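For clarity, every value in this text was computed on a predicted model and none was experimentally measured.
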Amino acid sequence: MNILLTGSEGFIGSNLYKSLSNKFKLIGFDIKSGHDILKSKLPKNIDLVIHLAGLSGVKDSINKPEKYWLTNVLGSKRIFEMYKDKRIIYASSSTAHESWQNPYAMSKYCMEQLYHKNAVGMRFTTVYGPGARQEMLIPKILNNQVKYININHIRDFIHVEDVINAIEMMIDNYFKGIIDVGIGTGLKLIDIADY
């Protein structure tokens, strides 16, 4: 099976690439290696698309809403149209549940509204693990760089290996629509920091 993996050099994508590379023929596609989902020629002869490319981060989206719209929505639209007859597994976000909160959440929600007859969107909760961006909460806690924590804030954290297992399950099983991917337990940020 030929699998196109967009965002193959990102946090989740690079971990997934390692896990799948000995099982499938993977075609990595990432802006870091010169493959822009908005402009670059998309490969043909693809059996399945795992679409992880996109911009993440709430704070950055507030300063660059147009960039998030272009990449997350219009870039995804291009992928969906090119591979309209293929299965697509794509990364969404649990923030899409409250899409009005910020441009990142809205871009993920709008991406979910794009029509594709054979796609499953995975709404990841807060993912952590090897290769996570240094500005994410867990790396900041580990590096003693947290300036403050909202003691009332609760999040569902999921390790990147569990996300990879969920994606592999989607490869092996047919799902459509939107699926929440997390551990299902909210943890107070203050408890995480104390631990």
Side-chain angles (χ1 to χ4, degrees), residues 3 5-20 48-62 68 71-73 76 87-114 116 118-143 146 149-195:
I3 297 178
L5 175 58
T6 71
S8 57
E9 294 181 41
F11 167 39
I12 297 171
S14 61
N15 282 283
L16 183 63
Y17 195 95
K18 288 177 201 167
S19 180
L20 296 181
L48 170 71
V49 177
I50 302 174
H51 177 41
L52 303 179
L55 296 176
S56 59
V58 170
K59 288 180 185 175
D60 213 27
S61 76
I62 293 166
Y68 277 69
T71 303
N72 294 353
V73 180
S76 297
R87 280 184 63 214
I88 297 178
I89 300 167
Y90 67 92
S92 186
S93 168
S94 60
T95 63
H97 284 292
E98 298 178 323
S99 59
W100 61 90
Q101 295 277 345
N102 56 72
Y104 170 66
M106 183 56 75
S107 73
K108 288 299 188 175
Y109 176 78
C110 290
M111 186 172 101
E112 293 175 354
Q113 306 313 303
L114 297 171
H116 191 283
N118 202 10
V120 61
M122 301 179 77
R123 283 183 171 174
F124 302 138
T125 59
T126 304
V127 185
Y128 70 97
R133 295 185 331 268
Q134 291 303 300
E135 65 270 13
M136 296 295 290
L137 181 64
I138 299 294
K140 278 184 153 185
I141 290 172
L142 293 173
N143 294 322
V146 177
I149 288 185
N150 180 338
I151 61 171
N152 297 316
H153 193 79
I154 296 173
R155 281 196 195 163
D156 182 343
F157 289 86
I158 185 168
H159 195 274
V160 68
E161 287 179 13
D162 294 320
V163 169
I164 289 167
N165 289 336
I167 293 170
E168 289 182 2
M169 188 178 82
M170 292 297 128
I171 293 171
D172 295 334
N173 298 281
Y174 181 78
F175 289 93
K176 285 177 22 177
I178 307 297
I179 297 173
D180 289 312
V181 179
I183 62 168
T185 304
L187 302 170
K188 283 189 171 184
L189 298 189
I190 192 72
D191 293 339
I192 298 274
D194 287 346
Y195 178 78

Table please: side-chain donor-acceptor pairs of residues 48-60 below 3.5 Å, with sequence neighbours left out.
residue: His51; atom: ND1; partner: Thr6; partner atom: OG1; Å: 2.7
residue: His51; atom: NE2; partner: Ser76; partner atom: OG; Å: 2.8
residue: Ser56; atom: OG; partner: Arg133; partner atom: NH1; Å: 2.8

* Residue pair Val181 / Ala166: nearest heavy atoms and the distance that separates them -> CG1-CB, 3.9 Å

* Which residue pairs satisfy the salt bridge (charged side-chain N to carboxylate O under 4.0 Å, His left out) criterion with at least one member in residues 93-112, sequence neighbours excluded? -> Glu112-Arg123

* To do: Looking only at non-hydrogen atoms, find the nearest pair between Leu5 and Gly13 and report the distance.
  => CD2-O, 3.7 Å

* To do: Sort and list the pairs that fulfil ring pair (Phe, Tyr, Trp, His ring centres under 6.0 Å) and have at least one residue in residues 149-174, not counting sequence neighbours.
  => Tyr128-His159

* Side chain to side chain, Ile167 and Leu16, heavy atoms closer than 4.5 Å -> yes

* Asked: Among all residues two or more places apart in sequence or in another chain, which pass the salt bridge (Lys or Arg N to Asp or Glu O under 4.0 Å) test with Glu168?
  -> Lys23

* To do: Dump the intermediate steps for side chain to side chain contact (heavy atoms under 4.5 Å, CB included) on Met122 and Ile89, then the final yes or no.
  => CA-CA 7 Å; Met122 301 179 77; Ile89 300 167; 3.6 Å; yes

For residues 183-195, which side-chain donor-acceptor pairs fall under 3.5 Å, sequence neighbours excluded?
none

* Asked: Of the non-hydrogen atoms in Ser93 and Tyr104, which two are nearest, and what is the gap between them?
  -> CB-OH, 3.4 Å

* Do Asp156 and Asp180 have side chains that get closer than 4.5 Å, going by heavy atoms? -> no

* To do: For Tyr90, check ring-ring contact (aromatic ring centres under 6.0 Å, His included) against everything at least two apart and list the hits.
  => Phe80

* Asked: Out of curiosity, Met111 CE to Ile178 CD1, how far, rounded to the nearest 0.5 Å?
  -> 8.0 Å

* Asked: Side chain of Arg87, backbone of Val120: donor and acceptor closer than 3.5 Å?
  -> no

* To do: Dump the intermediate steps for side chain to side chain contact (heavy atoms under 4.5 Å, CB included) on Asn118 and His116, then the final yes or no.
  => CA-CA 6 Å; Asn118 202 10; His116 191 283; 3.7 Å; yes

* Asked: How many angstroms lie between CD1 in Ile3 and OH in Tyr17, if you round to the nearest 0.5 Å?
  -> 10.5 Å

* Would you name the heavy atoms of Ser19 and Ile164 that are closest together and state the gap between them? => OG-CG2, 3.7 Å

* Indicate yes or no for a side-chain donor-acceptor contact from Asn102 to the backbone of Ser61 under 3.5 Å, with no hydrogens or angles considered. => no

* Asked: Hey, is the main chain of Phe11 close enough, under 3.5 Å, to the side chain of Ser14 for a donor-acceptor pair?
  -> yes

* Asked: For Glu135, does the CD atom have more than 12 heavy-atom neighbours from other residues, nucleotides or ligands under 6.0 Å away?
  -> yes

* To do: Report the C-alpha separation of Val127 and Ile12 in whole Å, then their side-chain angles, then the decisive distance to 0.1 Å, and conclude whether the side chain to side chain contact (heavy atoms under 4.5 Å, CB included) test is met.
  => CA-CA 8 Å; Val127 185; Ile12 297 171; 4.2 Å; yes

* Structure fact -> Closest non-hydrogen contact found for Asn15 with Pro130 is ND2-O, 3.1 Å

